[in-house]
Amino acid sequence: MTGDLVLGVDAGHTVTKAVLFDSAGRQVAQGSGTLPLATPRPRWVERDMDDVWRTTHRAITAALAAAGVEGSAVAAVGLTGHGDGLYLVDEWGRPVRAAITAMDTRAESVLAEWRDTPIWEQALTLSGTVPFAGSPAALLTWLGRHEPAALERSRWLLSCKDWLRRRLTGVVATDPTDAGASFTDMRRGDYMPELLDLFGLGQLAGKLPPVLASDAVCGTVTRQAAAVTGLVAGTPVVTGAHDVDAAALGIGATRVGELSLIAGSFSINQVLCDHPVTDPRWQCRRFLRPGQWMVMSTSPASVANLEWFLRVMGAPPECGDDLYGAISQEVADRLKGPSEVLFHPFVYGSPHQRPASGTFLGMRGWHDRGHLVRALMEGVVLNHRWHVDVLRSRLPLTGPARLTGGAARSAVWSQMFADALELPVLVTDVEESAARGAALLAAGAVGLPGDETDPHAGISIVRRHEPAPDRVAVLDEAYRVYQEAQQALGPVWTRLDAAARHSDDAFGKR
């Protein structure tokens, strides 16, 4: 077995996975590592960049060991990672400061200045998206005001996967899907000086990485990287893609009009279009292939809420290695009847312009942990429904929705998606969709047999969830209450947000 495997590396917000696939996209083995997010100050969500690389090369080593193969078995490496945020490196390729993730909200004050100004509309018209707190435009503006020395020291402004490629190959580059975060022309895909000037960031143009095709070989594994990963020096590394695009490819959601849902750290709700369609409620970015655009309605308000809950409350007793099974059982035992407890899943942010925070409502003395977890799961699903309704309001959606991410591991949670959206929901046998998408790009780049252009090649449907009429009614009523409570809580959330900002300012002066 020499040179007939491909490696897909998926660096998410907290977990990095290195997965080996054969050329047809069938998983062979994987390694993974966890790197908790750091919040050194309120609103800050960061990661140590060296730890991100360390977690990645250990995951690669573990994947090779799990497969029982040497690095020579790997024909190519594909990369994907969380989008937006900032990974700043100096001229020697060293981190300038901790990475800022897309879940960071320190730049909310910048957005408040930009809303209701020409910046907002022009950004949407030119780039296909309005900025959000974790977008490069907002974060670079914040850094320019509060950490100008960091920008001065920076040679390159990278995304997560591009930082890992720099460590693997020494090459600086990005691809159209990540480049589209703030500064590229939505139609042509190249950097647009007018956008940089719009945000007052024109002086940073020379620090943006070159844009290469997602399936281009843009470098090879260096001797230094080979020594710590177990890969062979000279192994081709492909540019790769933003994880949402890679995941769509990985689960076969690559037909125009086909809805795909990624329930991970972010709530990702997306549909592929053959022409750009803009709306301030979503992002329209170029897809992996010329002539296609991915429309994404997103928020940092999905399974990350469960991770927060488990960190605070602990995992279910005696859950062993089957965490999702244990949680699903807790919820299944509390699914009868209407939703008595309501949860707004805004622990890390929301899709709404006004401040919002995570909120449980309706808790009573007889409610237990199972009721709270049910409310949390339903709240996450109802936030996904808000996004899907936004997409449905202007775009034709065809066929069942394809679900991937942490929520897809739970049959109970997956069924909630079908009930809340009133759509059939498909869960495939692809466990690591983004890593698979990255691997397929790599396989195609080096000419291995297999066809990543076939949207469903090598994929099987393991579960199909049809909407259940009784649960549709329950979640439809829950959604009405969810929206009414969101409106009523707006002033409360605003006051709490002001108090948090006051505390943050006091923290910063210590």
Point to revise | Given D245, D178, D243, the one that forms salt bridge (Lys or Arg N to Asp or Glu O under 4.0 Å) with K161 | key: D178

Would you call [X] and [Y] a salt bridge, taking side-chain N to carboxylate O under 4.0 Å as the test?
X: D162; Y: R166; result: no
X: R385; Y: D476; result: yes
X: E330; Y: R334; result: no

Would you say [X] and [Y] make side-chain contact, with heavy atoms under 4.5 Å?
X: Q270; Y: F287; result: no
X: T56; Y: L168; result: no
X: S299; Y: F346; result: no
X: W53; Y: L164; result: yes
X: Q27; Y: R436; result: no
X: H82; Y: S265; result: no
X: L20; Y: V69; result: yes

Exercise for review: Could you please spell out the steps behind the side chain to side chain contact (heavy atoms under 4.5 Å, CB included) verdict for I60 and V9?
Suggested key: CA-CA 8 Å; I60 294 172; V9 176; 4.2 Å; yes

Point to revise | Backbone of A241 reached by a side-chain donor or acceptor of T177 within 3.5 Å | key: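 No; judged by distance alone, with no hydrogens or angles, the pair does not exist.
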
Review point. Where does the angle between the aromatic ring planes of F343 and W308 fall among parallel (under 30°), tilted (30 to 60°) and perpendicular (over 60°)?
Key: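 Because their plane-to-plane angle is under 30°, the rings of F343 and W308 count as parallel.
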
Check your understanding: How are the rings of Y482 and Y479 set to each other: parallel, tilted or perpendicular (split at 30° and 60°)?
Key ->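 Parallel: the ring planes of Y482 and Y479 meet at under 30°.
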
Practice item. Check step by step if salt bridge (charged side-chain N to carboxylate O under 4.0 Å, His left out) holds for D50 and R167. Key: CA-CA 10 Å; D50 286 326; R167 293 305 305 261; 3.6 Å; yes

In Å, rounded to the nearest 0.5 Å, how long is the span from [atom1] of [X] to [atom2] of [Y]?
X: S297; Y: L261; atom1: OG; atom2: CG; value: 11.0 Å
X: Q483; Y: H344; atom1: CD; atom2: NE2; value: 9.0 Å
X: T428; Y: I459; atom1: OG1; atom2: CD1; value: 6.0 Å

Distance only, no hydrogens: is a donor on one side chain within 3.5 Å (strictly under) of an acceptor on the other, for [X] and [Y]?
X: R463; Y: S414; answer: yes
X: R281; Y: S393; answer: yes
X: R47; Y: T14; answer: no
X: T239; Y: D175; answer: no

Review point. How far apart are the C-alpha atoms of T184 and Y191, what are their side-chain angles, what is the distance that settles it, and do they pass the side chain to side chain contact (heavy atoms under 4.5 Å, CB included) test?
Key: CA-CA 4 Å; T184 60; Y191 291 124; 3.6 Å; yes

A quick test of your reading: do over 12 heavy atoms of other residues, nucleotides or ligands sit less than 6.0 Å from [atom1] of [X]?
X: R394; atom1: CZ; value: yes
X: E431; atom1: CD; value: no
X: E466; atom1: CD; value: yes

Practice item. Quick one: list whatever passes side chain to side chain contact (heavy atoms under 4.5 Å, CB included) with T129, sequence neighbours left out. Key: S127, Q283

Review point. Considering residues at least two apart in sequence or located in another chain, which fulfil the ring pair (Phe, Tyr, Trp, His ring centres under 6.0 Å) criterion with H465?
Key: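 Ring pair (Phe, Tyr, Trp, His ring centres under 6.0 Å) list for H465, sorted by chain: empty.
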
Mind listing the side-chain donor-acceptor pairs of residues 418-427 below 3.5 Å, one per line with the distance, residues two or more places apart or on another chain?
unit_1: D419; atom_1: OD1; unit_2: Q415; atom_2: NE2; d: 2.9
unit_1: D419; atom_1: OD1; unit_2: A468; atom_2: N; d: 2.8

**Study point:** F266 and H387 aromatic centres sub-6.0 Å
**Key:** no

